[in-house]
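What follows is a single structure, written as structure tokens, with notes after it.
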Amino acid sequence: MATKAALETQLAVVAGFESPRVSLEQYPTPPDLAAHVVHVADLNDDIEGRTVVDLGTGTGMLALGAALRGAARVVGVDVDRAALSTARTNRVRVGTTTPIHWVQADATRCPITTTERTTVVMNPPFGAQRGHEHADRAFLATAAAIADVSYSIHNAGSQEFVEAFAADNGGEVTHAFEATFDLERQFDFHEEARKELRTEVYRIVWDAERDD
């Protein structure tokens with residue numbers, strides 16, 4: 001298995017959004033955070049040989065990380081056609097040969113069904129914008145519907161919400177860890193050139209019988 005540092009280096013070439021949309025909270029997942037999430041998933045045997053679905057893939061950072069770690073196939077789902085176009089270009093930059101399917105669709109109404117062992121990786125919107133509180137709830141609902149196990153990035157202070165949601169939907173949080181999200185200024189309302197956000201990453205097993 002390649003090191004986490006090596007994966008981060010490979011993902012450093014992934015380009016972000018050309019015209020990010022604030023309504024979708026389009027913030028690119030930093031390569032160090034993506035590498036950390038995918039590396040942990042790989043250590044738990046949740047990547048290699050599996051179908052991996054990246055909900056709200058954006059420009060493909062987590063999807064490409066999974067592809068580089070030996071997933072059987074990867075599906076990147078996003079509602080934004082322009083972001084998926086960049087994701088396709090990023091695949092060429094990264095150079096992975098793993099089959100990747102880019103699907104333009106609302107991740108909260110995901111059209112995908114699988115019979116294979118499936119892992120979801122995602123950096124859902126945190127619901128920071130007024131009127132979009134708990135936007136990550138719908139992404140978790142999709143993960144519960146299609147995945148055996150999921151890895152998701154959430155705003156700091158989400159533990160009670162994530163654990164309760166998982167318990168109410170047949171899941172169990174098995175791992176949780178804090179991580180730093182390095183956010184660069186990309187919208188007019190951002191007052192600082194760079195800001196570090198405290199985030200939390202959760203591994204949830206959605207069906208213990210399928211995960212055995």
Side-chain angles (χ1 to χ4, degrees), residues 1-20 25-78 80 82-103 107 118-126 149-156 175-186 190 192-203:
M1 180 187 297
T3 65
K4 181 175 68 174
L7 181 59
E8 180 182 343
T9 298
Q10 289 176 290
L11 293 176
V13 301
V14 174
F17 300 94
E18 290 187 11
S19 301
E25 294 190 38
Q26 289 181 323
Y27 301 106
T29 306
D32 60 334
L33 178 54
H36 189 33
V37 172
V38 172
H39 183 71
V40 170
D42 202 11
L43 289 174
N44 282 285
D45 296 322
D46 292 328
I47 298 291
E48 187 174 2
R50 284 195 174 216
T51 294
V52 178
V53 180
D54 180 4
L55 297 175
T57 189
T59 63
M61 181 69 80
L62 289 168
L64 292 167
L68 289 167
R69 278 298 179 91
R73 65 168 178 150
V74 176
V75 182
V77 181
D78 203 280
D80 189 345
L84 291 177
S85 177
T86 302
R88 292 185 180 93
T89 301
N90 282 332
R91 179 186 182 177
V92 176
R93 288 193 178 101
V94 168
T96 178
T97 59
T98 296
I100 303 179
H101 310 279
W102 305 109
V103 178
T118 300
T119 298
V120 160
V121 292
M122 58 182 178
N123 176 21
F126 293 164
V149 61
S150 68
Y151 291 79
S152 51
I153 303 168
H154 300 266
N155 206 3
H175 298 66
F177 56 89
E178 295 182 349
T180 299
F181 194 118
D182 193 8
L183 178 64
E184 295 186 0
R185 186 181 189 276
Q186 58 182 15
H190 288 163
E192 303 174 40
R194 182 184 298 270
K195 184 177 181 179
E196 286 190 352
L197 299 180
R198 291 177 52 243
T199 62
E200 298 165 353
V201 181
Y202 294 91
R203 178 185 188 262

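Just the heavy atoms: all of them, side chains too, but no hydrogens, waters or symmetry mates, feed the values below. The structure presented is a predicted model; accordingly, all values stated were derived computationally and were not measured.
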query = Thr98 and Thr96: which non-hydrogen atoms are nearest, and at how many Å?
reply = N-OG1, 3.2 Å

query = Are more than 12 heavy atoms from other residues, nucleotides or ligands located less than 6.0 Å from atom CZ of Arg88?
reply = yes

query = CH2/Trp102 to OG1/Thr86 distance, rounded to the nearest 0.5 angstrom?
reply = 10.5 Å

query = Which pair of heavy atoms, one from Ala179 and one from Val201, lies closest together, and at what distance?
reply = CB-CG2, 4.3 Å

ask   = Rounded to the nearest 0.5 Å, how far apart are CG of Leu64 and CZ of Arg93?
value = 10.5 Å

ask   = So how far is it from Thr199 OG1 to Glu178 CD, rounded to the nearest 0.5 Å?
value = 8.5 Å

query = Which heavy-atom pair separates Thr3 from Ala6 by the least distance, and what is that distance?
reply = OG1-N, 3.0 Å

ask   = Does a side-chain heavy-atom distance below 4.5 Å link Arg203 with Asp46?
value = yes

Nearest non-hydrogen partners of Arg50 and Thr118, listed with the distance = NH1-O, 3.7 Å

ask   = Are the side chain of Asn90 and the backbone of Val14 linked by a donor-acceptor contact shorter than 3.5 Å?
value = no

Side chain to side chain, Val149 and Thr119, heavy atoms closer than 4.5 Å = yes

message = Any non-hydrogen side-chain atom of Arg69 less than 4.5 Å from a side-chain atom of His39?
response = yes

ask   = Which atoms form the tightest heavy-atom contact between Gly16 and Pro28, and what is the distance?
value = CA-CB, 4.4 Å

message = Out of the candidates Leu68, Val52, Val74, only one should pair with Ile47 under the side chain to side chain contact (heavy atoms under 4.5 Å, CB included) rule; please name it.
response = Val52

task = Nearest 0.5 Å please: distance from the CD atom of Glu200 over to the CG atom of Asn155.
result = 8.0 Å

message = Show the nearest heavy-atom pair for residues Pro124 and His154, with the distance to one decimal.
response = CG-CE1, 4.3 Å

note = Separation between CG (Asn123) and OG1 (Thr57), nearest 0.5 Å, reads 10.0 Å

query = From Leu62 CG over to Leu33 CG, what is the distance, rounded to the nearest 0.5 angstrom?
reply = 7.5 Å

